[in-house]
Amino acid sequence: MAAAPSTYAGAADVVAVLVLLTEFAMLRAPLLRSQVRLYAFQSLVVTALAVDIAVVRHVGDLYALAIVSFVLKVVLVPGLVLRLLGDADTDLAGSSVLGVASMILIALAVSAFGFFAVGSLQVHSAALPTTALAIAAAVILVAFVLIILRADVVSQAIGFFSLENGVSVASLVVAAGLPLVVEVAFLFDLLVAVVVFGVIMRVHHDRAKTLSTKKLDRLKG
Amino acid sequence: MAALSTVAPQIVQAMQVATIVLGAPLVSGVISHVEARLQGRRGPRILQPYYDLAKLFRKETVVSEDSSWVFLVAPIIAFVCYLVVPLLIPVLTTYGLPLGYMGDILGGGFILALAGFSVALAGTESGAPYAQLGGSRAMTFGALVEPTILFVVFAVALITGTDLPYALAATVRSSTSEMVRPAHVLAALAFFLVVLVDTGRIPVETHTGTLEFGMIDEARTLEHSGAPLALLKWGAAMKQLILYTILINVFVAPWGLAGTGKLSSVMLAIPSLLGKAIVLGCVFAVIDNLFSKLRLFKITEFIASAFLLAVLAVLVYYAGGG
């Protein structure tokens, strides 16, 4: 029976849990559009978490980071992906290898592994409670599950982007005062990934007339 | 005078049961009234469930020749079960009353399950296809919800060190940090979804429709008539209020309960519980209007998300005592 964390820590944990729950929601979202919107929402929550730490811990750099990540991850990236989706005329992913319930159970088992793995690390943090670090690990692992279990380009791109959200939460926990340059470099990494995935989506859709990656396993010259 | 204004705990316990028994049709009536208003209908009177029950008790009972005594005994067993559960949960008081500690949350869950089982058995016993379908579906989905309930109980047990409903209510009341800790929030959310499933509300079941193919709980009672049907309907309303009471007085808002056996504070706790239950009922009515019913085979997905929340509650607790 552990004592409850302080009200602030508890609330911050709940926000971090929200990031994890949106990750699970992406896993089950049948529409590609709703997946992109969920990603935008998740990024918004991560941004809110950054602003929260900036206010409470007086880390000025985080304000700048929050603004950049808001513009990039909430507005720009989802907007770009939605525009790319608008060109392709597929709405439903329909690409799940497994049923929704079994996907959720697998992701649950994987995130349990993440929770216990981080729990055994005994990391202590001043900025955010350690629970948030475990949640971040779970977010990253569930993003991997999303990439593995859903065979369409959009889910895989969104899975990769949301993986970056998990990393953001983790870096907020471990090193809230990370130099701004490093954080912004992460974000620009993301931008490169968006360009790459955008090109893949385009090319793949043009060639295969579908967003599903199931046809990619044929070795043709 | 002081002795006069304090009520014996046994009487308070009896009042807890009476509140559930007599208040349940009122809560149902208000919910269906609000629901009708939201849909632009005038809706039934708030007291309509009482009139319905009175009418059904006066009607004759028709029993199929193919059914046995189980068909008639089951509604009584279910009703008695719903009379027992209010003894175990904090309906009016913050402290345990006589017999209040004879069962924990799991004990209450078992008694509710026994009630559900006997109603499903009666439906199967009737020999009518739709009642049998309802019975078997209710058992199937009941079994799927069970793990979620267990994990909610685990989360509660981890947070409080015991699984008595009174203890969790006291813990939640003790500070805001207990209210916002993620383990508690997730467990409460999971229990909310469980209540949604167990009271047969919209994402799972339309409780106002007459289409038998979509029915789960409703279909079980199709063959009953007269007084047994009245008992079943009354029991369903009581089950709803019991689940609301657990959600409100244990998880979400355990305030407004009587801290002592004073007559005034116990009397005040009754309208406060009914008021909170009606507010919660309005939330359910709004959900009813916002969402459509899930296809039968999609219900497992809904239950899976409730299970997800409950398991995350336990996991978050282990990772840093959230």
Side-chain angles (χ1 to χ4, degrees), chain A residues 1-21 23-25 27-30 96 98-125 128-138 142 173, chain B residues 141 144-145 147-148 151 154-164 167-168 170-190 193 294-322:
Chain A
M1 184 180 161
S6 71
T7 307
Y8 165 72
D13 280 346
V14 170
V15 176
V17 165
L18 209 56
V19 177
L20 181 57
L21 286 180
E23 192 65 53
F24 274 100
L27 195 64
R28 64 174 298 174
S96 315
L98 295 167
V100 169
S102 6
M103 276 205 295
I104 287 189
L105 290 183
I106 290 175
L108 199 53
V110 168
S111 58
F113 171 76
F115 270 102
F116 286 111
V118 173
S120 61
L121 285 180
Q122 305 288 344
V123 182
H124 295 287
S125 151
L128 269 184
T130 329
T131 317
L133 185 63
I135 293 169
V142 176
V173 179
Chain B
F141 291 117
L144 289 175
V145 174
T148 311
F151 268 91
F154 289 162
V156 169
L158 286 170
I159 292 171
T160 59
T162 150
D163 56 357
L164 289 169
L168 181 64
T171 313
V172 171
R173 246 190 322 271
S174 66
S175 76
T176 29
S177 60
E178 292 286 354
M179 271 303 273
V180 298
R181 70 191 293 183
H184 173 73
V185 173
L186 286 167
L189 264 178
L193 295 184
L294 288 169
R295 281 193 296 128
L296 197 70
F297 294 105
K298 292 268 176 192
I299 294 176
T300 47
E301 296 178 13
F302 183 79
I303 296 173
S305 38
F307 181 65
L308 166 75
L309 293 172
V311 175
L312 280 183
V314 174
L315 289 180
V316 166
Y317 179 87
Y318 273 118

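Quick note on labels: first sequence line is chain A, next is B, and so on, each numbered from 1.
- For a residue to count as touching a neighbouring chain, one of its non-hydrogen atoms must lie under 4.5 Å from one of that chain's; by this rule B:Ile303 does not touch chain A.
- Within the 4.5 angstrom heavy-atom criterion, no atom of A:Val118 approaches chain B.
- Heavy-atom minimum distance, B:Ser305 versus A:Arg28: OG-NH1, 3.5 Å.
- Remark: B:Leu308 CG to A:Leu105 CG distance equals 9.0 Å, nearest 0.5 Å.
- Counted within 6.0 Å of CZ on A:Phe113, heavy atoms from surrounding residues, nucleotides or ligands total 12 or fewer; the atom is thus considered open.
- Residue contact with chain B, scored on non-hydrogen atoms closer than 4.5 Å, involves the side chain of A:Leu20 exclusively.
- Rounding to the nearest 0.5 Å gives a distance of 10.0 Å between CG of A:Asp13 and CG of B:Leu186.
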Could you go step by step and tell me if B:Tyr318 and A:Phe115 meet the side-chain contact (heavy atoms from CB on, under 4.5 Å) rule?
-> CA-CA 8 Å; B:Tyr318 273 118; A:Phe115 270 102; over 6 Å; no
After noting the C-alpha distance and the side-chain angles of A:Val100 and B:Thr300, does the key distance pass the side-chain contact (heavy atoms from CB on, under 4.5 Å) rule?
-> CA-CA 9 Å; A:Val100 169; B:Thr300 47; over 6 Å; no
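- For the options A:Ala134, A:Ala112, A:Ala25, heavy-atom pairs under 4.5 Å to chain B are most numerous at A:Ala112.
- Looking at B:Val180 and A:Tyr8, their side chains never come closer than 4.5 Å, going by heavy atoms from C-beta outward.
- What you find for A:Val17 and B:Pro182 is that their closest heavy atoms are CG2-CB, 4.0 Å.
- Summarising the geometry, atom CZ belonging to A:Phe24 is positioned 9.5 Å from atom CG belonging to B:Leu309; distances are rounded to the nearest 0.5 Å.
- For the options B:Thr171, B:Leu312, B:Val185, heavy-atom pairs under 4.5 Å to chain A are most numerous at B:Leu312.
- Distance check, rounded to the nearest 0.5 Å: CZ of B:Phe307 to CD1 of A:Ile104 gives 11.0 Å.
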